[in-house]
Amino acid sequence: MSQVIIASQLDEDYNDVIRERLRVLHADAEVIGVPPGVPSDLPPQANILLLRPINVRGYTAPDTPPPGWPYGAQWVHLVSSGIDFYPQWLFNGPPVTTSRGSAADNLAEFALAAIFAASKHLPDIWVKDAQWNFTPLRPLKGTTLGILGFGAIGASLAHKALALGIQVVALRQSQAPFGVAGVEAAKDIHDLFARADHLVVAAPLTESTRHIINRDVLGSAKPGLHLINIARGGLLDQEALLEALDNGQIGLASLDVTEPEPLPDGHPLYTHPRVRLSPHTSAISTNSRNEIADTFLANLEKYVAGAELANLVNT
C-alpha cells in the first residue's frame, strides 16, 4: 500500500502524539491537520479521516453532505464512542469506526466518584472553622448498583464496584452474557430501578432509547435513588426527572450530560438542590491523547493489513 495520509480534526497536541507513535512504529503515514466541523475540501491525497463530533453546542450539520464528499477518504474514524453527534449521511459512505471503549475506565471512575461523593457527603463535610458537626456517612459495601447498558463502560464499572463489595445488577438490550462474574441481570428496566441504590446510565442513545427513562420508569425507582447519567442527555426525560426529584422518588441526580448541551441559562437543573451537574467531562482525562491514539492506531494496523476494522458502525 502507498503512504497513508490521515486528515485529522484533532487538536495539534493530539496529532503530535499520533505522529510520534507512528514514528516509533516506523509506519509510512502522515497526519495532516484539518478544521473541525463538517468535513470539506479535504486534502485530495487523504485516505483516512479522523473526525470530531459535529452536532454539538447547538450546531446541526446539513442533511446532505458537502459537494465532493467523501473526497478520497476510504475510512472514517470517530474520536467519540457514540454516533449521535454526527449526521446520517456520514454513515452512507466509507466504513466508519468509533473509539468505543477508549474512555471506559475514565467514565467508570467518574461514576464511582459520584457515588463516593454522595455516600460520604463530599464536599459538604469539609470544615472551615472550629464548629465541627459529625455526619454519619453511608457505607458502599452492601449497597446495590444498577447499570443500564452494559458495554465496555458497564463492564469496567462492574469490576470496580464488585471489588468494593457493592452488589451489581444490570440491564442491556442484547441477551449476551455480561462476562463479569457476580453481575445479576435485572428482569426489566422497572426491576432495575426498583432494586438500585445508585443507578448509572451507560446506554447508547438511539431512536428506540430516547427518553427510555421516563415518568413511568422513574416512578418505579427505589425511594431516594441516586441517578447518575454519564451517557447521553436524551436518554432521560428531564421534566420527569425534576418532578421525581421534587417528590423525593429520586434523592439525587448526578448528571454529566443533558439535552441540550449546554442547558440554557436559568434552566432549573442548574440550581436544583438535589442535582450535581458537570459539563460532559467524564470521558476526558489527562491521558486522553494516548487513549484515542491507542484505539485509532490499533485499527490503522488492521486497515494497512486489509483486515476487518474493529468498532465498525452498523446503522
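Inter-residue side-chain proximity for Thr295 and Thr98 is flagged as unmet; no heavy-atom pair is nearer than 4.5 Å. Between Leu263 and Glu261 there is no side-chain heavy-atom pair separated by less than 4.5 Å. Between Leu164 and Lys160 there is no side-chain heavy-atom pair separated by less than 4.5 Å. Residues Pro36 and Arg52 are in side-chain contact: their nearest non-hydrogen atoms beyond the backbone lie under 4.5 Å apart. Contact annotation: the side chain of Ile153 never approaches that of Ser81 to less than 4.5 Å [non-hydrogen atoms, C-beta and beyond]. Using a 4.5 Å heavy-atom cutoff, the side chains of Leu227 and Leu218 are in contact. Between Thr258 and His267, the closest side-chain pair of non-hydrogen atoms is not below 4.5 Å. Side-chain contact between Gln238 and Leu269: present, with at least one pair of heavy atoms (C-beta onward) separated by less than 4.5 Å.
In this structure, Ser285 contributes its side chain and Ser288 its backbone to a donor-acceptor pair below 3.5 Å. Between the side chain of Glu184 and the main chain of Val169, no donor-acceptor pair closer than 3.5 Å is present. Side-chain atoms of Tyr86 never come within 3.5 Å of backbone atoms of Ala61 as a donor-acceptor pair (strictly under, hydrogens ignored). With Asn311 contributing its side chain and Arg100 its backbone, the two residues share a donor-acceptor pair below 3.5 Å. Within the 3.5 Å criterion, the main-chain N or O of His190 finds a donor-acceptor partner in the side chain of Asp188. Side chain of Asp256 to main chain of Ser282: a donor-acceptor pair is present (N/O by atom type, distance under 3.5 Å, no hydrogens or angles). When atom types are taken as modelled, the side chain of Thr209 and the backbone of Thr206 share a donor-acceptor pair closer than 3.5 angstrom. No donor-acceptor pair under 3.5 Å is formed between the side chain of Asn47 and the backbone N or O of Val4. Counting only distance, with no hydrogens or angles, the side chain of Asn15 and the backbone of Leu10 share a donor-acceptor pair below 3.5 Å. Between the side chain of Ser278 and the main chain of His280, no donor-acceptor pair closer than 3.5 Å is present.
The two residues Gly182 and Leu162 make their nearest non-hydrogen contact at O-CD2, 4.0 Å. Across every non-hydrogen atom of Ile6 and Ala29, the tightest pair is CD1-CB, 4.4 Å. The two atoms that bring Ile166 and Thr144 nearest to each other are CG2-C, 4.4 Å, heavy atoms only.
Listed by first then second residue, pairs satisfying salt bridge (charged side-chain N to carboxylate O under 4.0 Å, His left out) with a partner in residues 221-236 read Asp84-Arg232, Asp197-Lys222, not counting sequence neighbours. Applying the ring pair (Phe, Tyr, Trp, His ring centres under 6.0 Å) test to every pair with at least one member in residues 201-232, sequence neighbours left out, gives these pairs: His198-His226. Under the ring pair (Phe, Tyr, Trp, His ring centres under 6.0 Å) criterion, the residue pairs touching residues 29-69 are Trp69-Trp89, with sequence neighbours excluded. Pairs passing the ring pair (Phe, Tyr, Trp, His ring centres under 6.0 Å) check and including a residue from residues 105-164, sequence neighbours excluded, read Phe150-Phe178. Applying the ring pair (Phe, Tyr, Trp, His ring centres under 6.0 Å) rule to pairs touching residues 12-56 yields nothing, sequence neighbours excluded.
In summary, the side chains of Thr60 and Asn55 do not present any donor paired with an acceptor at a separation below 3.5 Å, with no hydrogens or angles considered. When only modelled atom types and interatomic distance are considered, Ser40 and Tyr71 share no side-chain donor-acceptor pair under 3.5 Å. Using modelled atom types, one finds a donor on one side chain and an acceptor on the other under 3.5 Å when comparing His272 with Asp246. Residues Glu291 and Asn106 have side chains that bring a donor and an acceptor to within less than 3.5 angstrom of each other.
Using a cutoff of 4.0 Å between basic side-chain nitrogens and carboxylate oxygens, Arg210 and Asp237 are not scored as salt-bridged. Under the 4.0 Å criterion applied to side-chain N and carboxylate O atoms, Asp11 and Arg289 are not assigned as salt-bridge partners. Of the charged side-chain nitrogens involved, none lies within less than 4.0 Å of a carboxylate oxygen, so that Lys302 and Glu308 do not count as a salt-bridged pair.
A distance of 12.0 Å separates CG of Leu241 from CG of Asn214, quoted to the nearest 0.5 Å. In this structure, CG on Leu90 lies 9.5 Å from CD1 on Ile83, to the nearest 0.5 angstrom.
Glu12 CD: more than 12 foreign heavy atoms inside a 6.0 Å radius. With a 6.0 Å radius and a threshold of 12 heavy atoms from other residues, nucleotides or ligands, Asp63 has its CG atom at or below the threshold.
Cluster partners of Ile284 are absent, since no Ile, Leu, Val, Met, Phe, Trp or Tyr has side-chain heavy atoms less than 4.5 Å from it.
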